[in-house]
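See structure below.
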Number of protein chains: 2
Amino acid sequence: MSPDTAPRPRMTRQRREILDALDTRDFRSAQSWHERLRSDGSTVGLATVYRALQALVDSGDVDSVVSESGETLYRRCEAGEEHHHHLRCRVCGKAVEIDVPEFEEFARHIGDAHGYGDIRHTIELTGVCPECAAAGRG
Amino acid sequence: MSPDTAPRPRMTRQRREILDALDTRDFRSAQSWHERLRSDGSTVGLATVYRALQALVDSGDVDSVVSESGETLYRRCEAGEEHHHHLRCRVCGKAVEIDVPEFEEFARHIGDAHGYGDIRHTIELTGVCPECAAAGRG
DNA sequence: CCCACTATTGATAATGATTGTCGAAATCAG
DNA sequence: CTGATTTCGACAATCATTATCAATAGTGGG
């Protein structure tokens, strides 16, 4: 058990492509990002996209949420982003960032009241955005 | 396209067994409920458990949440239950019901502000319960 | 600049949860 | 009781994700 063989990440072509492709606005599945990359001419493999996204989530550069159907959706975080939540359209996926400062402390409070520690919270707000509603898809 | 051939659910042995087995306290996966049923002597099939749980979610008798790993977890609702949320232990799964009345209206408010309609929200609070923390599993 | 050492890639197989299929069995109405 | 239909259950199929593994390509040292 040597302390740590610090694994240094290599900057590869595909890693760069994925970072570039990632949008800070829309939540998309790994498969969806992969399709987009391929249609933009990249030859990156699906497994690589999954691996890169996981690494990015771990390093805090990417945000992920689990959709109702169980798919994991990814989106790039803004640099120096604070913890926040989203209001996502169930039809087209467009997401708006929202701030729920009250809830941050509320979560802590609830946890304390029940003796639960290391509280994490997920707030998922979904709805139908104006465009989709207008298009009768709502 | 006849208006509606109102499908009436039949009360079968397996449906009864599943309803009986369902606990109102713990969230468990369909597979987990199935295992429990089998170990209690039932011969119910896995697909049947999935079907029954879905039907029960649709009819509002069962509550479901999606875990971080993407599994769907089920729990029976108390009769005449209001909409509410849970604080669930990440280690042992024990869940406590919590009430967030402020949030109910907050969600509506946020939706209106962005023009989103048919707002649904999910609040998932997870932590480590006192027992698990004491056992050093937190 | 070139090389060896490894991390990384990508095609594909494997996994795990969930859903579809279909003949057989069971429920409910009359 | 009897027949029309639903529901069952075993198993195949699907879908997202992860593991495998030989081939490839960054990187640091010379």
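The model shown is predicted, which means the values in this text are computed figures rather than measured ones. Heavy atoms only: backbone and side chains are in, while hydrogens, waters and symmetry mates are out. Just so we're on the same page: letters track the sequence lines, and every chain starts at 1.
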May I have the distance from [X] (atom [atom1]) to [N] (atom [atom2]), rounded to whole angstrom?
{"X": "B/Glu17", "N": "D/dT7", "atom1": "CD", "atom2": "C1'", "answer": "14 Å"}
{"X": "B/Leu53", "N": "C/dT18", "atom1": "CG", "atom2": "P", "answer": "10 Å"}
{"X": "A/Glu71", "N": "D/dT18", "atom1": "CD", "atom2": "P", "answer": "13 Å"}
{"X": "B/Leu46", "N": "C/dA17", "atom1": "CG", "atom2": "C1'", "answer": "9 Å"}
{"X": "B/Gln54", "N": "C/dT18", "atom1": "CD", "atom2": "P", "answer": "9 Å"}
{"X": "A/Gln14", "N": "D/dA23", "atom1": "CD", "atom2": "C1'", "answer": "13 Å"}
{"X": "B/Tyr50", "N": "D/dA13", "atom1": "OH", "atom2": "P", "answer": "18 Å"}

Side-chain donor-acceptor contacts of residues 31-38 of chain A below 3.5 Å, not counting sequence neighbours, with atom names and distances?
unit_1, atom_1, unit_2, atom_2, d
A/Gln31, NE2, A/Tyr50, OH, 3.3
A/Ser32, OG, A/Arg28, NH1, 2.6
A/Trp33, NE1, A/Arg28, O, 3.3
A/Trp33, NE1, A/Tyr74, O, 3.2
A/His34, NE2, A/Val44, O, 3.1
A/His34, NE2, A/Leu46, N, 3.4
A/Arg38, NH1, A/Thr43, O, 3.1
A/Arg38, NH1, A/Val44, O, 2.5

field: Contacts of A/Asp61 that satisfy side-chain contact (heavy atoms from CB on, under 4.5 Å) - sequence neighbours left out
entry: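 Per chain and number, A/Asp61 pairs via side-chain contact (heavy atoms from CB on, under 4.5 Å) with A/Leu56, A/Ser59.
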- prompt: Can you list the residues that meet the side-chain contact (heavy atoms from CB on, under 4.5 Å) rule with B/Ala47, with sequence neighbours excluded?
  reply: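 With neighbours one apart ignored, the set is B/Arg51.
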Sequence-distant partners of [X], side chain to side chain donor-acceptor pair (under 3.5 Å), two or more places apart:
{"X": "A/Thr72", "answer": "none"}
{"X": "B/Ser69", "answer": "B/Ser67"}
{"X": "B/Gln14", "answer": "none"}
{"X": "B/Ser29", "answer": "none"}

message: Taking only side-chain N and O atoms of A/Thr72, does any of them lie within less than 4.0 angstrom of OP1 or OP2 on D/dA16?
response: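 Checking D/dA16 against A/Thr72, no side-chain N or O comes under 4.0 Å of OP1 or OP2.
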- request: Measure from the side-chain heavy atoms of A/Arg38 and tell me the nearest of C/dA11, D/dT18, C/dA17.
  value: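 So the side chain of A/Arg38 is nearest to C/dA11.
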task: To the nearest 10°, let me know how far the axis at one end of the helix from C/dC1-D/dG30 to C/dG30-D/dC1 is tilted from the axis at the other, five pairs an end.
output: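 Terminal axis comparison yields 30°.
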query: Using the ring of each side chain (for Trp, its six-membered ring), is A/Tyr116 parallel, tilted or perpendicular to A/His114, with breaks at 30° and 60°?
result: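 Aromatic pair A/Tyr116/A/His114 classed perpendicular.
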- request: Would you mind telling me which residue lines up with the more 5' stretch of DNA chain D, A/Tyr74 or B/Thr48, judged by nearest nucleotide?
  value: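 In this pair, the answer is B/Thr48.
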task: Between protein and nucleotides 21-30 of chain C, map the contacts as a letter string: B base, S sugar-phosphate only, - none, heavy atoms under 4.0 Å, written 5' to 3'.
output: B----BBS--
message: Running the 4.5 Å side-chain criterion over Ile, Leu, Val, Met, Phe, Trp and Tyr, what cluster does B/Val66 land in, apart from itself?
response: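 Members besides B/Val66, by chain and number: A/Val66.
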field: Residues which pass salt bridge (charged side-chain N to carboxylate O under 4.0 Å, His left out) with A/Arg13, listed by chain and number, not counting sequence neighbours
entry: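 For A/Arg13, the residues satisfying salt bridge (charged side-chain N to carboxylate O under 4.0 Å, His left out) (neighbours in sequence not counted) are A/Glu17.
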message: Give the residues of residues 28-36 of chain A touching DNA chain D, defined as any heavy atom closer than 4.0 Å, sorted by residue number.
response: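 The stretch gives A/Gln31 as the residues lying under 4.0 Å from the strand, ordered by number.
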task: Give the C-alpha distance, both sets of side-chain angles, the deciding distance and a yes or no for side chain to side chain contact (heavy atoms under 4.5 Å, CB included) between A/Val96 and B/Ile110.
output: CA-CA 10 Å; A/Val96 180; B/Ile110 291 276; over 6 Å; no
